[in-house]
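Remarks on the structure that follows.
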Amino acid sequence: MTQHTSHAMPDVGSALRLTQPTNGRRRERLLVVGGGMAALKLVEELVEQCPGRYEIVVAAKEQHAPYNRVLLSSLLAGEAQATDVELRPAAWYGEKGVLLLSGVEASGLRPARQEVILSTGARLGYDRLVLATGSKAIRLPVPGHLLPGVLTFRDVNDVSVLQRALPGSRAVVIGGGLLGVEAACGLAKRGLAVTLIHIMPRLMERQLDARAAELLKAAVERKGVEVVLEAHTAAIEGAGRTERVVLKDGRIFPAALVVMAAGIRPETALAESGGIEISRGIKVDDKLETNWPGVYAIGECAEHRGTCYGIVEPVYEQTRALARYLSGRPARYEGSLMATSLKVSGVPVYSMGDFEGEGAEAIIFEDEGAGSYRKLVVRNNRLAGVVLFCDTGDAFWYRDLIRQSTPLAGIRALLAFGRAHAEAA
Ligand SMILES: Cc1cc2nc3c(=O)[nH]c(=O)nc-3n(C[C@H](O)[C@H](O)[C@H](O)COP(=O)(O)OP(=O)(O)OC[C@H]3O[C@@H](n4cnc5c(N)ncnc54)[C@H](O)[C@@H]3O)c2cc1C
């Protein structure tokens, strides 16, 4: 267990008990479980918005201090260094009076006693509790999924194993969503011979329409990745470790390494142990509070109005709302409009709203030479959705048109050419 504390903070032994009031008052202890991007963002907001109001303790399973998970793809591809992913230097926590307990898993929750049980058996009391336990990567339960050499792509430990894969060896990535595409391109850049297997007829179907997905496939193939679509994995085989992936149609792909990038599932085990209400994620209301008063959930582990989010922007919107609320100001989180802004293997991609646009009008602009593509979906003369591939410079303008439901009269003819043209007309 690593502690990042200031001299003003108690040691872990005393941190386990709530301190007794000395002058009739003591600071409330806010315990945050999970040391990911949501947890750190919340702490940053609280030390900014209401410094000193809470005694903040963070219990984080990973040994590493909170880091930028989004940059793991760049780390794998060798485009970022370990120091680039660090979000705050170790000394920062102490300077801000935050007790960060790294390498500490919270394994049990007793909300009636306002305490969390750590995997060491120690108990940690709280006045308010924020669950920010994120997600875990799904391993498809096919035969062989636990063989050595079969990995997921979720944290720095996964990346350090992937980084040790030998150039020239063969890898199969299962799953053609964002993470699978990133993992495949990262491994190809490291010199591995990579096959990307996806069950759907196109890559990243949740973020891209058919044409953008086709362009992405071509971009990924140019990086040396073999892409196999509509492919159902039947088994992973090998004597003692992975050697090949077998598809249901009988095709076989040699694989000294298999990366499962088949989706994520909210990490709800701790909440469940405390009887907190769960559906897919930990259910929260517009205050980000669970069914147990004083227990909140944010980030990928939370389910708000039936939605669990899996990208950073909504996670940060939740975090800002909770920080406002915890610092004593009115705040409501009413959900996030899903926008995806990504660099997929070096290509900027943006999508938002109803980008499939079934039954709506679509304005399409494509520059084959530049490899750029735009699709704008129009309903009732308002922008309803957008997909941008390669040239995403006007993404925020399109986003605001969607959010504000701006009538397009006057700018529609030049909409596809971007803000500068449309507004100059
Ligand atoms: C490789 C990769 C690339 C990505 N790229 C993008 C991108 O380009 N754009 C984008 O928007 N999003 C991207 N994402 C998603 C983004 O990283 C997540 O949405 C974000 O990290 C979610 O933050 P979180 O704090 O909710 O969860 P996490 O970052 O997963 O943090 C949760 C933390 O809680 C810890 N924890 C869990 N249970 C316990 C427990 N019981 N006790 C103590 N600690 C516990 C976990 O170990 C983990 O460290 C990417 C994700 C990955 C894996």
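Remember, it's 1-based here, ligands and their atoms both numbered in the order they're listed.
Contact check for Lys61 versus Val104: no side-chain heavy atoms found under the 4.5 Å cut-off. Using a 4.5 Å heavy-atom cutoff, the side chains of Met37 and Tyr67 are not in contact. Between Glu44 and Leu40 the shortest side-chain heavy-atom distance falls below 4.5 Å. Side-chain contact between Trp92 and Val43 is present, with heavy atoms from C-beta onward closer than 4.5 Å. Contact of the Lys343 side chain with the Val349 side chain is not registered, since no non-hydrogen atoms from C-beta on lie closer than 4.5 Å. In this structure, the side chains of Arg128 and Tyr296 come closer than 4.5 Å at one or more pairs of heavy atoms. Residues Val386 and Phe355 form no side-chain contact, since every pair of their non-hydrogen atoms from C-beta on lies 4.5 Å or further apart. No side-chain heavy atom of Trp292 sits less than 4.5 Å from a side-chain heavy atom of Glu277.
Taking the six-membered ring for Trp and the full ring otherwise, Phe417 and Phe365 have centroids separated by under 6.0 Å.
Close contacts between ligand 1 and Val33 involve ligand atoms 40 (C), 42 (N), 43 (C) [criterion: under 4.0 Å to a heavy atom]. Proximity to Lys61 (heavy-atom distance under 4.0 Å) selects the following atoms of ligand 1: 43 (C), 44 (N), 45 (C), 47 (O). Under a 4.0 Å criterion applied to the non-hydrogen atoms of Ile311, ligand 1 contributes the atoms 10 (C), 11 (O), 12 (N), 19 (O). Using a 4.0 Å cut-off to heavy atoms of Ala132, the atoms of ligand 1 that qualify are 32 (C), 33 (C), 34 (O). Residue-ligand proximity, Glu62 to ligand 1, at heavy-atom distances under 4.0 Å covers atoms 47 (O), 48 (C), 49 (O). Atoms of ligand 1 found under 4.0 Å from any heavy atom of Gly35, numbered from 1 in the order shown, are 33 (C), 34 (O). Of all the atoms in ligand 1, the ones that sit under 4.0 Å from a non-hydrogen atom of Leu342 are 7 (C), 8 (O), 9 (N). Ligand 1 places these atoms under 4.0 Å from at least one heavy atom of Gly299: 26 (O).
Of the protein's non-hydrogen atoms, Gly34 CA, 3.2 Å is the one closest to atom 34 (O) of ligand 1. Looking from atom 27 (O) of ligand 1 to the surrounding protein, the closest heavy atom is Gly134 CA, 3.2 Å. At the top of the distance list for atom 42 (N) of ligand 1, counting protein heavy atoms only, stands Ala106 N, 3.0 Å. Looking only at heavy atoms of the protein, atom 15 (C) of ligand 1 is closest to Gly310 O, 3.6 Å. Shortest contact from atom 6 (C) of ligand 1 to any protein heavy atom: Val70 CG2, 3.6 Å. Among all protein heavy atoms, the one lying closest to atom 51 (C) of ligand 1 is Leu179 CD2, 4.0 Å. The single protein non-hydrogen atom nearest to atom 31 (O) of ligand 1 is Gly36 CA, 3.2 Å, given as residue, atom name and distance.
Salt bridge annotation for Glu303-Arg280: absent, with no cationic side-chain nitrogen under 4.0 angstrom from a carboxylate oxygen. Salt bridge Arg69/Asp155: absent, no basic N to carboxylate O contact under 4.0 Å. Using a cut-off of 4.0 Å between Lys/Arg side-chain N and Asp/Glu carboxylate O, Arg305 and Asp285 are scored as not salt-bridged.
Neither the backbone nor the side chain of Ala183 has a heavy atom within less than 4.0 Å of ligand 1. With a heavy-atom cut-off of 4.0 Å, Ser107 does not touch ligand 1 at all. The parts of Phe153 lying near ligand 1 are both backbone and side chain, judged by heavy-atom distances below 4.0 Å. The proximity of Thr133 to ligand 1, defined as any non-hydrogen pair under 4.0 Å, involves the side chain as well as the backbone.
The distance criterion of under 3.5 Å between nitrogen or oxygen atoms is not met by Glu267 with respect to ligand 1. Taking any N or O of Ser341, backbone or side chain, none lies under 3.5 Å from an N or O belonging to ligand 1. Some N or O of Val312 is nearer than 3.5 Å to an N or O of ligand 1, by distance alone. Taking distance alone, with nitrogen or oxygen atoms compared against 3.5 Å, Arg69 approaches ligand 1 more closely than that limit. For a threshold of 3.5 Å applied to N or O pairs, the pair formed by Glu105 and ligand 1 contains no separation below that value. Inclusion of Ala38 in the set of residues having an N or O under 3.5 Å from an N or O of ligand 1 is warranted.
Rounded to the nearest 0.5 Å, atoms CZ (Phe153) and OG (Ser73) are 4.0 Å apart.
Counted by atom type alone, Tyr309 and Glu317 present zero donor-acceptor pairs between their side chains at under 3.5 Å.
Comparing Lys136, Met37, Gln63, Arg154 against atom 30 (O) of ligand 1, the shortest heavy-atom distance belongs to Arg154. Remark: among candidates Glu300, His64, Lys41, the nearest residue to atom 18 (C) of ligand 1 is Glu300, based on non-hydrogen atoms.
For Val159, the closest heavy-atom approach to ligand 1 does not fall below 4.0 Å.
The local environment of CD in Glu272 is crowded, with over 12 non-hydrogen atoms from other residues, nucleotides or ligands closer than 6.0 Å.
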Donor-acceptor contacts under 3.5 Å from residues 174-199 side chains, at least two apart:
residue: Lys189; atom: NZ; partner: Glu79; partner atom: OE2; Å: 3.0
residue: Arg190; atom: NE; partner: Leu76; partner atom: O; Å: 2.5
residue: Arg190; atom: NH2; partner: Leu76; partner atom: O; Å: 3.4
residue: Thr195; atom: OG1; partner: Glu226; partner atom: OE1; Å: 2.8
residue: His198; atom: ND1; partner: Gly176; partner atom: N; Å: 2.8
residue: His198; atom: NE2; partner: Arg202; partner atom: O; Å: 3.2
residue: His198; atom: NE2; partner: Glu205; partner atom: OE1; Å: 2.8

